[in-house]
Amino acid sequence: MNNLRELEELRNIIGSNLSQLGKSVLDYIFAKIRNHRYIKGLREISYQYYLLLQDKLFLSKVYRNFYDENITQLFSIDVVDVDANSEEVSKIFFEVKPKYSVFDPKSILSIAEFVESFVSFKKMFIEFTKDRDGFKELRNFISSTSNFKDLLNTVFYFIDRKGNIRDDSTPELKKIRQEIYNLTKVIPQKLDEFIRENGKYLVSNGVSYRNGRFVVLLNSQYVSNFDGIVQDYSWTHKTAFFEPHFVIDLNNRFTVLQSLEKIEIQKIITHIFDKIVENIDNLANVFRVCSFLEFFNSYFRISPYFCSVDFSDSDVEVLGLINPLVKNCVPIDVVFKRGLMIVGPNSGGKSVALKSIALCVLFSNIGLPVFAKFARIPYLKVFYDVPDPQSISDGISTFSGHVKYWKFVIDNIDRKSLVIMDEPASGTDPFEASAITIAIIEYLLSKGALVVFSTHYNNVKNYFYGKIDIASVSFDFNNNRSDYYLVYDIMLPSLPTNLLKDLPYEIIHRIQEIKDEFGASGYEKKLENIFLNIMQIQQEVKQKENLIKTKLMEIERMKQEIKNKVKNEIFTKLYTQYSKEIQLLIQNWEKELEKLKSKGVQKLEKKIRSIKNFDLNDYLSSLEDIEESISVNVNDFVKIKIFDEIGKVVEVRGNRVTVEVNGRTYTVGLEDIKKVMI
């Protein structure tokens with residue numbers, strides 16, 4: 001494979017979300033990709049894990065990210081194949097060596113917590129998938145690890161959750177720490193007596209600690225007044241860290257005990273370290289599983305969807321393929337048997353399509369899911385001829401770079417090869433380039449290799465028309481821009497004539513004259529007729545679109561008239577039905593008000609006045625949409641007011657309506673919808 005820069009870009013993107021542990025698998029997998037190796041078992045466990053990542057319950061209850069830099073700081077980790085010929089996930093071995101010099105209680109705790117977290121994850125994972133079909137390989141992969149009961153018991157017996165050696169880890173340590181604790185009380189008490197008696201000679205009334213010994217802060221000029229040892233001076237030399245003679249023996253004992261404590265702790269750490277070494281193969285297996293899971297977590301972020309690849313004998317069929325490096329990439333369908341020629345306008349997406357195919361096959365080869373909705377691909381070695389392999393350092397030209405790579409391809413292809421060529425033979429005379437392109441591709445096809453290529457040369461297009469599959473990048477002739485889709489069995493030109501419409505007429509006319517002088521081929525004449533037909537069809541479509549718009553406006557006007565008529569009829573009916581009742585109710589309220597007034601209940605006056613001012617017309621106006629919620633039936637189309645979205649009624653239950661909008665369902669009240677005509 002020639003240099004495919006996009007492969008390295010994807011590697012960097014995936015790696016940016018990984019710790020060194022995950023990068024160990026990343027490096028291993030990409031080395032295999034470049035060497036066209038398939039890892040047996042990777043296809044099953046990776047896609048099964050992808051399916052679980054789509055399950056919200058799994059993400060909320062089971063999912064863990066094992067991103068942990070501490071592990072690679074404490075161990076050197078190398079990924080090796082026990083059997084280089086088998087290349088199976090189960091036989092990929094992590095060679096792990098602990099770095100003894102950096103082991104301390106806190107680092108041992110980090111190992112134990114990492115392992116403990118994984119064991120907890122494994123338990124929840126097995127429980128979550130035990131009654132679910134289709135996760136056997138992934139379950140076996142994860143459950144092949146140890147539960148580390150003995151190691152974890154050992155670590156947490158000696159080390160607490162803060163990373164400290166427990167006082168009662170050993171009888172000797174308990175005894176040492178008890179004596180240390182006593183001295184930390186006795187020595188300061190004796191120094192406090194000295195401070196009270198000699199405060200005027202001191203810089204501070206507190207006990208300090210220097211060079212592992214308890215001292216007082218004595219004014220330097222008074223050092224000779226007392227028996228003892230100066231442990232240090234302040235940077236101004238005005239303060240002496242003074243150890244009075246009567247605490248020297250106690251401090252000596254304190255120092256000895258500290259040394260004994262360190263020796264005892266080192267014995268404990270050595271014991272735990274030996275236990276870790278006993279479990280080194282089990283730890284290597286956990287690191288292997290966690291590295292793969294961490295790699296999957298990062299890999300499955302590069303695309304909005306993935307599919308598992310079905311391996312075929314010959315033909316290629318990939319549907320909904322995207323390029324994970326292109327933002328908002330338009331999905332394409334890639335379908336061909338022996339070869340595929342991609343043509344169309346410049347900047348139409350041909351190169352992106354070729355790179356997408358190359359990346360898809362490369363990731364398929366190793367056994368990873370690919371960024372498509374369906375994929376059936378043979379196992380293929382990929383040879384990719386980039387547009388410009390020119391190398392200044394080698395002093396070779398653009399065309400010479402092509403020739404050099406063609407020689408390499410021809411020497412290495414077989415029936416399990418895919419050759420991808422982006423505008424082959426560019427950089428030389430177009431006539432010569434056409435002949436060279438045809439000859440090279442013919443040769444590759446004759447050797448049984450699959451070939452996908454793009455070209456702008458009409459002679460090449462004419463020659464391969466009908467011999468291999470052909471696709472054009474879709475083009476929007478109205479807006480003069482590519483749609484980036486692949487359209488099969490049609491050949492669009494490299495530069496459609498209507499793209500030149502903004503140039504002066506003289507130039508366009510002269511282009512046509514020159515083409516006539518050169519003599520257009522039969523294919524080109526057919527193509528011109530096709531474009532004339534397309535333009536004619538576009539005009540007819542536009543006319544029909546305008547007619548449809550006119551009809552829709554007329555229908556909308558009629559709908560509004562019907563709506564207003566129905567509304568007026570309902571309003572009149574309601575007014576007649578309720579006006580007498582409401583007026584009678586108001587009269588009763590007025591009588592009640594007079595009675596309340598006579599009893600001195602003045603605080604209700606304001607409320608009753610609002611009742612008197614009740615406006616029936618305003619009230620009925622607020623019911624203007626009532627007709628929209630009357631007689632709503634299943635399959636009616638309604639608009640949800642709050643969303644301003646139109647959907648179809650799928651259920652009516654009392655005054656609650658369930659509406660389906662764009663695949664989602666919402667249950668709302670009748671007052672929240674308006675019936676629409678579609």
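No hydrogens, no waters, no symmetry mates; every other heavy atom, side chains included, goes into these values. In this text, all values refer to a predicted model and were calculated from it rather than measured experimentally.
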D150 vs K275, salt bridge (charged side-chain N to carboxylate O under 4.0 Å, His left out): CA-CA, chis, key distance, verdict
CA-CA 9 Å; D150 185 42; K275 185 65 69 174; 2.9 Å; yes
Can you find a side-chain donor-acceptor pair between [X] and [Y] that sits under 3.5 Å?
X: T255; Y: N252; result: no
X: N285; Y: T145; result: no
X: N297; Y: Y49; result: yes
X: E294; Y: N65; result: no
X: K381; Y: N412; result: no

Where do [X] and [Y] come nearest, in terms of heavy atoms and distance?
X: F371; Y: S356; result: CE1-O, 4.3 Å
X: S169; Y: R166; result: OG-O, 2.8 Å
X: F94; Y: S291; result: CE2-OG, 3.4 Å
X: L321; Y: V318; result: CB-CG1, 3.7 Å
X: G320; Y: Y305; result: O-OH, 2.7 Å

[X] side chain to [Y] main-chain N or O, any donor-acceptor pair under 3.5 Å?
X: T72; Y: L21; answer: no
X: R43; Y: V309; answer: yes
X: Q48; Y: L138; answer: yes
X: D104; Y: S107; answer: yes
X: S117; Y: F114; answer: no
X: T129; Y: R132; answer: no
X: E261; Y: R177; answer: no
X: Y50; Y: F306; answer: yes

Mind checking salt bridge (Lys or Arg N to Asp or Glu O under 4.0 Å) for R64 and listing every partner two or more places apart, or none if nothing turns up?
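R64 satisfies salt bridge (Lys or Arg N to Asp or Glu O under 4.0 Å) with no other residue.
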Report the residues that fulfil salt bridge (Lys or Arg N to Asp or Glu O under 4.0 Å) with D27, sequence neighbours left out, ordered by chain and then residue number.
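Checked D27 against salt bridge (Lys or Arg N to Asp or Glu O under 4.0 Å); matches are R11.
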Show the numbers, then the answer: is there a side chain to side chain contact (heavy atoms under 4.5 Å, CB included) between D68 and S19?
CA-CA 6 Å; D68 194 329; S19 67; 5.7 Å; no
Please step through side chain to side chain contact (heavy atoms under 4.5 Å, CB included) for the pair I159 and N164, ending with a clear verdict.
CA-CA 5 Å; I159 301 175; N164 301 313; over 6 Å; no
Is there a salt bridge (charged side-chain N to carboxylate O under 4.0 Å, His left out) between R253 and E179 once you walk through the steps?
CA-CA 9 Å; R253 178 59 181 167; E179 191 173 350; 2.7 Å; yes
So does [X] pair up with [Y], basic N to acidic O under 4.0 Å?
X: E116; Y: R161; result: yes
X: E87; Y: K32; result: yes
X: K123; Y: E127; result: no

More than 12 heavy atoms from other groups under 6.0 Å of NZ on K99
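It does: K99 NZ has more than 12 such atoms within range.
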Is the count of non-hydrogen atoms from other residues, nucleotides or ligands lying under 6.0 Å from K190 atom NZ greater than 12?
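No, the 6.0 Å shell around NZ holds no more than 12 heavy atoms from other groups.
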Does the separation of the ring centres of [X] and [Y] fall below 6.0 angstrom?
X: F148; Y: F118; value: no
X: F128; Y: F58; value: yes
X: H245; Y: F226; value: no
X: Y100; Y: F273; value: yes

So, applying ring-ring contact (aromatic ring centres under 6.0 Å, His included) with F214, which one of Y209, F242, F241, F246 is it?
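With F214 as partner, ring-ring contact (aromatic ring centres under 6.0 Å, His included) holds for just one option, Y209.
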Chi angles and distances behind the salt bridge (charged side-chain N to carboxylate O under 4.0 Å, His left out) call for D55, K61:
CA-CA 10 Å; D55 190 320; K61 292 187 175 296; over 6 Å; no
Take F141 and R288 through the test side chain to side chain contact (heavy atoms under 4.5 Å, CB included) and record every step on the way to the result.
CA-CA 10 Å; F141 178 67; R288 177 177 70 105; 3.4 Å; yes
Under the criterion salt bridge (charged side-chain N to carboxylate O under 4.0 Å, His left out), I'd like the reasoning laid out for D168 against K174: C-alpha separation, chi angles, the key distance, then a yes or no.
CA-CA 5 Å; D168 56 353; K174 184 176 182 180; over 6 Å; no
How are the rings of [X] and [Y] set relative to one another: parallel (under 30°), tilted (30 to 60°) or perpendicular (over 60°)?
X: Y299; Y: F363; result: tilted
X: F158; Y: H271; result: perpendicular
X: F296; Y: F300; result: tilted

The criterion is ring-ring contact (aromatic ring centres under 6.0 Å, His included); which residues satisfy it with F121, sequence neighbours excluded?
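Checked F121 against ring-ring contact (aromatic ring centres under 6.0 Å, His included); matches are F66, F125.
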Please walk me through it: do R139 and K130 pass side chain to side chain contact (heavy atoms under 4.5 Å, CB included)?
CA-CA 9 Å; R139 189 162 49 243; K130 69 177 182 180; 5.5 Å; no
